[in-house]
Number of protein chains: 2
Amino acid sequence: MELTERKKKILRAVVESYIRTAEPVGSKAILELAGLNVSSATIRNELADLTEQGYLEQPHTSAGRIPSPKGYRLYVNELMQEQRLSLEETRQINEALHLKMQELDKVIDQAGRMVSQLTNYPAFVLAGNARRATIRRFELILVDGSSFIAVVLTDSNVVRNKLIRLPVDLSEPQLQLLTTLLNTSFVGKTLEELTPELMRVAEHAAGSSYGLISLVVSFAMEVLESLGHSAVATAGTSHILDHPEYRDVGKAQKLMSYLSEEQALAQSLPLPALGDENTKILIGPENVAEELKDTSVVLASYDIGDGMKGVIGVVGPTRMDYAKVAAKLSYVADGLSKLFGQAELPPGKPEKEE
Amino acid sequence: MELTERKKKILRAVVESYIRTAEPVGSKAILELAGLNVSSATIRNELADLTEQGYLEQPHTSAGRIPSPKGYRLYVNELMQEQRLSLEETRQINEALHLKMQELDKVIDQAGRMVSQLTNYPAFVLAGNARRATIRRFELILVDGSSFIAVVLTDSNVVRNKLIRLPVDLSEPQLQLLTTLLNTSFVGKTLEELTPELMRVAEHAAGSSYGLISLVVSFAMEVLESLGHSAVATAGTSHILDHPEYRDVGKAQKLMSYLSEEQALAQSLPLPALGDENTKILIGPENVAEELKDTSVVLASYDIGDGMKGVIGVVGPTRMDYAKVAAKLSYVADGLSKLFGQAELPPGKPEKEE
DNA sequence: CTTTAGCACTCGGATAGCAAGAGTGCTAAA
DNA sequence: TTTAGCACTCTTGCTATCCGAGTGCTAAAG
């Protein structure tokens, strides 16, 4: 079932030409592209074989060939040349990583934009569920007499805050007290460990206060919970319209609105399937989601610390420049891993000044 | 130059029909819609007048009429009935406001999504430049020996954070010291007041530390600076494709990519022009941005506290359901104002009505 | 002076037919 | 196995034609 060398050459020519032009490729065009010393008739015979075997398709009898998903698959697995990024490109990515990724909880947003801009495809980023997340620190900051801001820092260095208003006034010392209480009783606990029992005890220790402890702790629980669900961000959906396969508005719209249902998207990705490889390409019908059956998805995973993984990906027509996209994606993913890694492991590079 | 009552009725019928159907309206159709007891010929005469005067346009000789921007303008100013939201709608909005608007710095994002979903148009939100923003509070939280997270809270209750890494180890007490130093020296200062002079003094007072003060303070300055530029968020751009005027992909793409240049968008909006009214409608060529010349924009302003204003808006074809959109937008804007208001004033100054 | 009926006219959109061009598949020979 | 040649298929673009919607105008009626 192995293809001859020549067939592979031809398949490759078809794929690469089609990726560039989005036009079916005919036998004559292949002649030049593949640099084979045979006639177009020979190529036609080969094409017929490849079509027979399911690697190519014909939009209609008298058109050239386009790759089938199976054809792309073979191409990606065996024929594709790894793409090296230019120095300029890596420089650009590095710069963006350093410039934009200051606040860890905005990372997925920014990373999405960046990738989308880099690849000209819509991108999405998800930060995997951190099942065992805990709070590392509480801070309460008085705003005025009757309200304060609760800030929690999780062990994955995500900072979240909420404005909490009270029916009564509150003093700075009271808040201090609460803060230390919170920091002694609730830090390092996972969601499950934050039992009502524990809260009752603390509430009691705090004395007076109006269920303040539970207000703050339930906020903390919300945060932990939200980290449990994977966070999703999509960006650059408008790039869909750049590609001729979506000149039909109906199609474009379907895909776009699917992408904006971020939860559905997250669900449909076979994250476990990523396994140990750090990039994965899903071609057309290989996608589980019905809406993605005639698009391709390129995924790259990044380490989020604690053995947790996040995923970054782009969506595009099956006629996608897999090599380039995979290269970029994987470079960004590495960058993200380092970014998160830095936070965890001690010695790194010195921070640049401003 | 006043139009007769009948002309107004006809204009109104044209606008409203066209808003619904996106099809040019003919004289016969108007008969039924406007409920006038005249013949179609009479209507045609009136239509000719209205076209003459620039309120209507004809796509081509043998088509019906569509409203011109001038026609829409008249409609919006005089003919449009204010739309009341249904109880269900207000309930829905209120719920979303309470549910989603916990973190103040995520508000503009969430508000955008919400409005876009509510109106089926792409939406954007900008939080006006807070020129005089100050820091209200610093917190430094140790992550591990050589890194910590700086959290700053601004006077507009925005919380921002950054992970800062050091070439040396740091102890909890040291951080404590720094924190109080920061909170005594730099709180309540505007961007301009955070002079190098001030930093030098504080740095000196802090003794040892590796320019730590300036690291944190320059982060704070970045934050203040970023609040100075207006923050922009766009959402729901895919809704553009819902409307038949964008069945042409080229057009849709242009608009989309314009919307994603958030800075340009923010620049182009005539915010001052909003003046005291709290909603404003810009029809077609009334927009300054070239890219919006054949779209309409509905804006509503909300109070962000401190006399500062933010703006929330949607973009759509000139054939937009102005009444409904304006109603929803203004309701959301009010909600936002209250949200911010809550944070700021205990019931000091009453809400402005109208 | 306004309204109306009647009618010719215009233009866009749909449909069909036709010619050109691209690319194939097949056959028969090298 | 490869190649040349050729008939065949199917798309694309163009043109012609028809149909209908809706107008604008005129002349008569209120």
Side-chain angles (χ1 to χ4, degrees), chain A residues 2-11 13-18 20-68 71 244-245 247-249, chain B residues 2-11 13-15 17-18 20-68 71 244-245 247-248:
Chain A
E2 259 296 308
L3 294 179
T4 66
E5 213 43 51
R6 192 170 65 187
K7 282 207 173 60
K8 286 187 183 172
K9 250 186 180 159
I10 291 176
L11 176 56
V14 172
V15 172
E16 292 182 349
S17 163
Y18 188 67
R20 274 210 328 283
T21 65
E23 300 285 335
V25 195
S27 49
K28 291 198 208 110
I30 296 175
L31 261 193
E32 301 167 16
L33 290 167
L36 290 170
N37 268 330
V38 292
S39 78
S40 67
T42 311
I43 306 255
R44 279 204 290 284
N45 286 329
E46 298 282 54
L47 287 177
D49 282 3
L50 284 167
T51 309
E52 179 80 15
Q53 293 168 72
Y55 293 103
L56 296 178
E57 289 173 354
Q58 261 180 309
H60 47 263
T61 335
S62 73
R65 303 302 210 286
I66 64 177
S68 71
E245 20 274 286
R247 217 171 295 142
D248 169 21
V249 173
Chain B
E2 258 298 307
L3 293 180
T4 66
E5 213 42 51
R6 192 169 67 188
K7 282 204 173 63
K8 286 187 183 173
K9 248 186 181 160
I10 292 176
L11 177 56
V14 172
V15 171
S17 163
Y18 188 66
R20 275 212 327 284
T21 65
E23 299 285 337
V25 196
S27 50
K28 289 197 210 111
I30 295 175
L31 262 192
E32 301 167 15
L33 291 168
L36 290 170
N37 266 331
V38 293
S39 76
S40 67
T42 311
I43 307 256
R44 278 202 290 285
N45 286 330
E46 298 282 56
L47 286 178
D49 282 2
L50 284 167
T51 309
E52 178 81 15
Q53 294 167 73
Y55 293 104
L56 296 177
E57 290 172 353
Q58 263 179 309
H60 46 265
T61 334
S62 74
R65 304 300 209 288
I66 64 176
S68 71
E245 20 273 287
R247 216 171 297 142
D248 169 21

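Letters A, B, ... mirror the listed sequences (proteins, then strands); counts begin at 1.
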> Which atoms form the tightest heavy-atom contact between A/Tyr18 and A/Glu23, and what is the distance?
Replying inline: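 For A/Tyr18 versus A/Glu23, the nearest heavy atoms are CD1-O, 3.1 Å.
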
Below the 4.0 Å mark, does [N] have OP1 or OP2 next to a side-chain nitrogen or oxygen of [X]?
X: A/Gln58; N: C/dG25; answer: yes
X: A/Ser39; N: D/dT3; answer: yes
X: A/Arg65; N: C/dA22; answer: no
X: A/Thr61; N: D/dT9; answer: no
X: A/Arg6; N: D/dT1; answer: no

Given atom [atom1] of [X] and atom [atom2] of [N], what is their separation to the nearest angstrom?
X: B/Asp49; N: D/dT23; atom1: CG; atom2: P; value: 14 Å
X: A/Lys28; N: C/dT24; atom1: NZ; atom2: P; value: 8 Å
X: B/Glu52; N: D/dT23; atom1: CD; atom2: C1'; value: 15 Å
X: A/Leu47; N: D/dT3; atom1: CG; atom2: P; value: 14 Å
X: A/Leu56; N: C/dT24; atom1: CG; atom2: P; value: 11 Å
X: A/Asn45; N: C/dG25; atom1: CG; atom2: P; value: 9 Å
X: A/Ile66; N: C/dA22; atom1: CD1; atom2: P; value: 20 Å
X: B/Leu36; N: C/dT3; atom1: CG; atom2: C1'; value: 13 Å

> Which nucleotide, D/dC10, C/dG25, D/dT23, lies nearest any side-chain atom of A/Ala48?
Replying inline: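 Among D/dC10, C/dG25, D/dT23, the one nearest the side chain of A/Ala48 is C/dG25.
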
> If you check the A/His60 side chain, which of C/dT24, C/dA5, D/dC10 turns out closest?
Replying inline: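 The nucleotide sitting nearest to the side chain is D/dC10.
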
> When all nucleic acid strands are considered with a 4.0 Å heavy-atom cut-off, which category describes B/Ala63: base, sugar-phosphate, or nothing?
Replying inline: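 The answer is sugar-phosphate, as B/Ala63 gets under 4.0 Å only of primed atoms, P, OP1 or OP2.
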
> With sugar-phosphate meaning primed atoms plus P, OP1 and OP2, does B/Ser40 contact a base, only sugar-phosphate, or nothing at under 4.0 Å between heavy atoms?
Replying inline: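 Touches nothing.
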
>> Please identify which of these residues, A/Glu57, A/Gln58, A/Arg65, meets the side chain to side chain donor-acceptor pair (under 3.5 Å) condition with A/Thr51.
In response: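 When A/Glu57, A/Gln58, A/Arg65 are each tested with A/Thr51, the side chain to side chain donor-acceptor pair (under 3.5 Å) holds only for A/Arg65.
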
>> Would the base of D/dG5 count as contacting A/Arg44 through its side chain, where contact means a donor and an acceptor less than 3.5 Å apart?
In response: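 When only heavy-atom distances are counted, A/Arg44 does reach the base of D/dG5 through a donor-acceptor pair under 3.5 Å.
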
> So does A/Ser62 reach the base of D/dC10 with its side chain, donor to acceptor, closer than 3.5 Å?
Replying inline: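 Answer is yes: a donor-acceptor pair is held.
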
> Paired with C/dA28 by Watson-Crick or G-U wobble geometry, both distances under 3.5 Å: which nucleotide is it?
Replying inline: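 With both distances under 3.5 Å, C/dA28 matches D/dT3.
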
Straight-line distance of [X] [atom1] to [Y] [atom2], nearest 0.5 Å:
X: A/Arg20; Y: A/Leu33; atom1: CZ; atom2: CG; result: 6.5 Å
X: A/Glu46; Y: A/Ser27; atom1: CD; atom2: OG; result: 12.0 Å
X: B/Ile30; Y: B/Leu36; atom1: CD1; atom2: CG; result: 9.0 Å

